[in-house]
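Structure, as structure tokens:
Just so it is clear, the values below take in all heavy atoms, side chains as well, and ignore hydrogens, waters and symmetry mates. Start at 1 and go down the list; that is how both ligands and their atoms are numbered.
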Amino acid sequence: CSHCSEIEASKYLENANHALTQWTNRVIHANWNWLTNLTNENIEKKIAINLEFSKFLKSMWEETVKYPWTTYKNPDIKRQFKLMSVLGTDALPEDKLKKLEETISAMESLYGRATIPEYGDNNSNRTLSLEPDINDILDKSTDVNELKHVWVQWREATGKKVRPMYAEYVKLSNEAARLNNYTDTAEFWIRGYDVDDFRPRMERLWNQIKPLYLQIHAYVRRKLRELYGDSMITRRGPIPAHLLGDMWAQSWERLDDFTRPYPTIDDVNPTAAMINQNYTPKKMFKVAEEFFTSLNLSAMPQTFWEKSILEKPNGRDLVCHASAWDFYDSNDFRIKQCTSVNFMDFITAHHEMGHVQYFLQYKDQPFIYREGANEGFHEAIGDTIALSVSTPKHLHKIGLLPKTSRTYEADINYLYKIGLDKIAFLPFGYLMDLWRWNVFKGITTEDQYNCDWWKLKYSYQGIEPPVTRTEKDFDPGSKYHIVGNVPYIRYFVSFIVQFQFHQALCEKAGQFDPKNPASKPLHECDIYQSTNAGNAFKDMLKLGSSKPWFDAMELLTGQREMDAGPLLNYFNPLYEWLKNENKRTGEHIGWETNKKICL
Ligand SMILES: C=C(C[SeH])C(=O)N1CCC[C@H]1C(=O)O
Ligand SMILES: [Zn+2]
């Protein structure tokens, strides 16, 4: 009401937050039922309840914006009104919202169901799913034709098929953004980072990191050339995308065991030990949980173990892409992950459990504050923990590595393995939304969707497709987050801030000294069982989005900015080693080509 006092307004907020938790709980159940069982009945139910929910949200929003909240004094009341005054895609008229929901669900359904024919001319009609079949091939195969097959066929089965739907999705999404007084979806998506020069800031962070990326790119290109021959990989050209061990070349850790700097040193890959010790997916999550409780953080509630899906279920179609779920009743939290027993999935389990830990820590906040301080924070919690878990010291402590040698060579091998994940990811984590921002802004028009994508993949990642691409293809649509309408710059932000968090937690755990960084190398830090570190983490996590993310970050790290310094400090020994090694072998730093990548 337009003349309401702050007292009346705070009463209104209490009721609004309560109503939102009730409603959202129902909507999340419908979304869970759909994504874990892609039936027509479930899609109907999901869309129906989302449309009902949007009616409720619209009517509540009309009430909310009547309050003169910008005139109020109490910062908390003002913040709640500010967050509650954003309606989002529910601002669309019902018929357009329905069309948008249907389009996204259709793209997700196609992605979730996608399979490809098996490689080879044998007329077996066996088909392969991304998880685990295709990922296992990307992990183990060095047959360049098999790798090309899965790379091309996955794009035939996903991107090419969703291309006709994507332009419609863009149009409706932009319409919704404009109804929220944003110029386009790109601006709407980055509003939570609370700075008006967010995109230039991301470009600056990338330019700080690029020299490190160029070095690991040059080294990996050489090791792949040694393996596949220089007919496949030239000294100065981009790296063929299908040889990097990942469907999108976004992280290269699967290359570790045959490209690492000192091959004779023991392998830091606990997969064999996990298998020998009869690890199950559940055991992987139990071990992950024990790390969190060792820090005096929360255990998973009983419902988590009852209702999560930790293995790919038989006999039904679902979206296997890992995700964590808050049912907003302060009790029901789940993970959906088609887990294989291997080290990569063990690390992903920590990533997903980091989301649930955040849900648990802010579960008593008002509904509107039950989010990450910004979206990048939510992606960084589990990864920060995983930076400790991955250390040879920790893996040895939990019996997943026989022994560890603390030599310079072992250190470089370890930093390289982490670098194949974290450094290789950064250009991909950045370009995903560089492309989408350009699409939402009309800079990339529909007739150049795919070739603009490949301009970015070439320019930032220094990779090329195994076969020339055209505008009949739609390679962005081969990635879950594109079809699932999930923004991606959150992961680029996460890969920066997780090193700020790790450095701060290691300080609290007495395992890093900022005045003498070399005395206790950051990459050896393992905060396991440090309640000092855990309590500091908890204080930040409990805030949810009740404070601007600068305040949340400052509480833990003393900084109020995203800063690539801790990441560069962490990888510095590797950077020096790569520069020397690339100089020794005369590698060309960077890439060039006169090939037509996309027509
Ligand atoms: C594990 C998740 C679920 Se939030 C994920 O999507 N990640 C985690 C790393 C980057 C990104 C990806 O897989 O593309
Ligand atoms: Zn995540």
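In this pair, H321 and H481 present their aromatic rings perpendicular. The plane angle is above 60°, beyond the 30 to 60° band. Taking the six-membered ring where tryptophan is involved, the planes of F291 and Y528 are tilted, since the angle between them lies from 30° to 60°. In this structure, F285 and F304 have tilted ring planes: the angle between them lies in the 30° to 60° band. A perpendicular orientation is assigned to the rings of F501 and F377, their planes being inclined by more than 60° (bins at 30° and 60°).
The list of side chain to side chain donor-acceptor pair (under 3.5 Å) pairs with a residue in residues 131-140, not counting sequence neighbours, is empty.
Contact check on R199 versus E187 returns a salt bridge, with a Lys/Arg side-chain nitrogen under 4.0 Å from an Asp/Glu carboxylate oxygen.
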Quick check for students: name every N or O atom pair between ligand 1 and the protein closer than 3.5 Å, with distances.
residue, atom, partner, partner atom, Å
ligand 1, 6 (O), H321, NE2, 2.7
ligand 1, 6 (O), H481, NE2, 2.8
ligand 1, 6 (O), Y491, OH, 3.3
ligand 1, 14 (O), Q250, NE2, 3.0
ligand 1, 14 (O), K479, NZ, 2.7
ligand 1, 14 (O), Y488, OH, 2.5

For residues 345-360, please give each side-chain donor-acceptor pair under 3.5 Å, one per line with the distance, not counting sequence neighbours.
residue, atom, partner, partner atom, Å
D345, OD2, S340, N, 2.7
T348, OG1, M344, O, 3.1
H350, ND1, F346, O, 2.7
H351, ND1, D383, OD1, 2.9
H351, NE2, H355, NE2, 3.2
H351, NE2, E379, OE1, 2.9
E352, OE1, A324, N, 3.2
H355, ND1, H378, O, 3.2
H355, ND1, H378, ND1, 2.9
H355, NE2, E379, OE1, 3.0
Q357, OE1, S298, N, 2.9
Q357, OE1, Q361, NE2, 2.9
Q357, NE2, S298, O, 2.8
Y358, OH, A373, N, 3.0

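With a cut-off of 2.8 Å, the protein N/O/S atoms near the Zn ion (ligand 2) add up to 3.
For the pair R490 and F492, the NZ or CZ position fails the cation-pi test of under 6.0 Å to the six-membered ring centre and within 45 degrees of the ring normal. Both tests pass for R334 against the ring of W32: distance under 6.0 Å to the centre and angle within 45° of the axis.
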